[in-house]
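One-based numbering along the sequence shown. Since the model is a prediction, treat every value here as computed from it, not as a measurement.
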Amino acid sequence: MSRPKVFVTRKFPAVGLERISSSFDADIWEGELPPSREELLKRIQGCSGVLTMLSEKVDDEFFDAAGDQLKVVSQYAVGYNNIDVESAKRRGIAVGNTPGALTNATADLAFALLIAAARRITEAHDYIHDGKWKAWEPLGHIGWDLEGQTVGIVGMGRIGQTFAKRCHGGWGMNVLYTARSPKPDAEQELAAKRVSFEELLEQSDFVSVHCDLNEETKGMFDAAAFKRMKSDAIFINTARGSIHVQPDLIDALKSGQIGAAGLDVTDPEPPSVDDEILHLPNCVVAPHIGSATRSTRDAMANIAVDNLEAGIAGKPLRCSVT
Ligand code: DGY
């Protein structure tokens, strides 16, 4: 009997690829970069399942190209703003993602960016490499203290709460947050206080973004938002680049409207090498590596393959968004 056809849009951890190859007629894209749109639409034809990355646009054109036998799209990420979930639902196609597995790794990266921005680590690193370090400097590279500051968390889901735990438990920070609904556990355990977006901007020393990208959150950090923030505030974004308006962020960093930023996500992503965001001394940028630890990526791979297998078998997915 022929095995169901599956397309995997990039190489991902071996633990997942081996499982896919042993169960399915697997076509795995070997390129270092994602397949072109044309190639993608060609390769998914006749597939029962497609394992996608956040780089693929999964929309009506995608579903039409795949054909009526498509049963599941399994996204190797927790975020799925690249997928038209409503269209998938209408067509009866299951969509899965990988929540939970990357919570700690992403919260850690957000904290790493916060420390790096606050203590001006990349600026200091470049200073040495540029041959400028001549002696210990009583006034050089003065940064921010973390202990006891106020952190504002936008989006108090799994990752936001885990980041908040690090801030409160490790560094004694006061935690403010915005979220669609109150989070009683966080309020009890972390003395976290739910406030309006405006209050959060005005009162926080550090603002960290942990919400989904959707119509409501797209561009929410614009010139007006940066203007409300403290002039030495640090802005951290490990969620999605288009939650901030990048030209407005650049202006805010250059004009001293805010103090510094740490970004794991940019808009566009990736930025061109001459994008100004990469050349500001007070901005630390990482190439979307929030989930990039060995055990996290393996765990994400296993969830994504569980979702793929369940979807093709017509069973409920381990982690479904439909
Ligand atoms: C996600 O999972 O959405 C991250 O952005 C990539 O791991």
Side-chain angles (χ1 to χ4, degrees), residues 53-55 75-82 97-119 121-122 144 146 149 151-168 170-171 173 175-179 186 197 200-201 204-214 217-221 225-226 229 233-246 249 252-253 258-271 275 277-278 280 282-293 295-297 299-300:
M53 311 287 139
L54 44 87
S55 41
Q75 168 98 335
Y76 178 64
V78 65
Y80 51 89
N81 54 288
N82 55 312
N97 68 339
T98 65
L102 45 77
T103 300
N104 285 325
T106 308
D108 286 348
L109 203 267
F111 210 87
L113 289 171
L114 175 58
I115 298 191
R119 299 306 305 272
I121 303 284
T122 50
W144 285 249
L146 298 181
Q149 303 289 64
V151 63
I153 295 178
V154 177
M156 198 66 152
R158 273 179 294 258
I159 300 173
Q161 287 195 40
T162 304
F163 176 71
K165 272 188 200 157
R166 281 141 175 74
C167 294
H168 184 73
W171 277 262
M173 290 186 209
V175 178
L176 304 178
Y177 73 96
T178 61
F197 181 55
L200 181 139
L201 296 175
S204 301
D205 299 299
F206 312 133
V207 173
S208 192
V209 183
H210 298 282
C211 56
D212 294 339
L213 170 63
N214 53 45
T217 62
K218 188 169 186 210
M220 75 191 290
F221 280 90
F226 292 123
M229 287 167 64
I234 298 179
F235 173 73
I236 305 295
N237 190 356
T238 52
R240 286 293 182 267
S242 41
I243 295 173
H244 64 250
V245 178
Q246 202 149 294
L249 174 59
L253 287 165
I258 65 169
L263 307 176
D264 188 38
V265 289
T266 58
D267 185 25
E269 192 171 302
D275 193 314
I277 199 73
L278 302 179
L280 299 173
N282 52 350
C283 187
V284 182
V285 186
H288 205 148
I289 55 170
S291 63
T293 73
S295 64
T296 298
R297 289 284 168 88
M300 287 167 64

Does Asn97 reach the main-chain N or O of Gln75 with its side chain, forming a donor-acceptor pair under 3.5 Å? no
Where the side chain of Asp205 meets the backbone of Gln149, is there a donor-acceptor pair that is under 3.5 Å apart? no
Could you tell me whether the side chain of Thr217 and the main chain of Asp212 form a donor-acceptor pair under 3.5 Å? yes
Ring geometry between His210 and Phe163 (parallel below 30°, tilted from 30 to 60°, perpendicular above 60°): tilted
When the ring centroid of Trp144 is compared with that of Phe206, is the distance short of 6.0 Å? no
Minimal heavy-atom distance between Ile277 and Val285, with the atoms involved, is O-CG2, 3.8 Å
Under a 4.5 Å cut-off applied to non-hydrogen side-chain atoms, are Asp108 and Arg166 in contact? yes
Hey, does the side chain of Thr103 reach the backbone of Ile159 with a donor-acceptor pair shorter than 3.5 angstrom? no
How are the rings of Phe235 and His244 set relative to one another: parallel (under 30°), tilted (30 to 60°) or perpendicular (over 60°)? perpendicular
Measuring from Thr162:OG1 to Phe111:CZ, what's the distance to the nearest 0.5 Å? 13.0 Å
Answer yes or no: is there a side-chain heavy-atom contact under 4.5 Å between Thr266 and Leu278? no
Minimum side-chain heavy-atom gap Phe221-Val207 below 4.5 Å: yes
Using modelled atom types and a 3.5 Å cut-off, is there a donor and acceptor pairing between side-chain atoms of Tyr76 and backbone atoms of Arg297? yes
Step by step, work out the salt bridge (Lys or Arg N to Asp or Glu O under 4.0 Å) result for Asp267 and Arg240. CA-CA 8 Å; Asp267 185 25; Arg240 286 293 182 267; over 6 Å; no
If only atom types and distance count, is the side chain of Asp264 paired as donor or acceptor with the main-chain N or O of Ala110 below 3.5 Å? no
On a heavy-atom basis, the closest approach of Cys167 and Val151 is CB-CG1, 3.9 Å
Is there a side-chain contact between Asn214 and Asn81 (heavy atoms, below 4.5 Å)? no
Non-hydrogen atoms of Ala164 and Ile153 that approach each other most closely: CB-CD1, 3.4 Å
Taking the side chain as every heavy atom from C-beta outward, state whether Asp275 and Pro268 have any pair of such atoms under 4.5 Å apart. yes
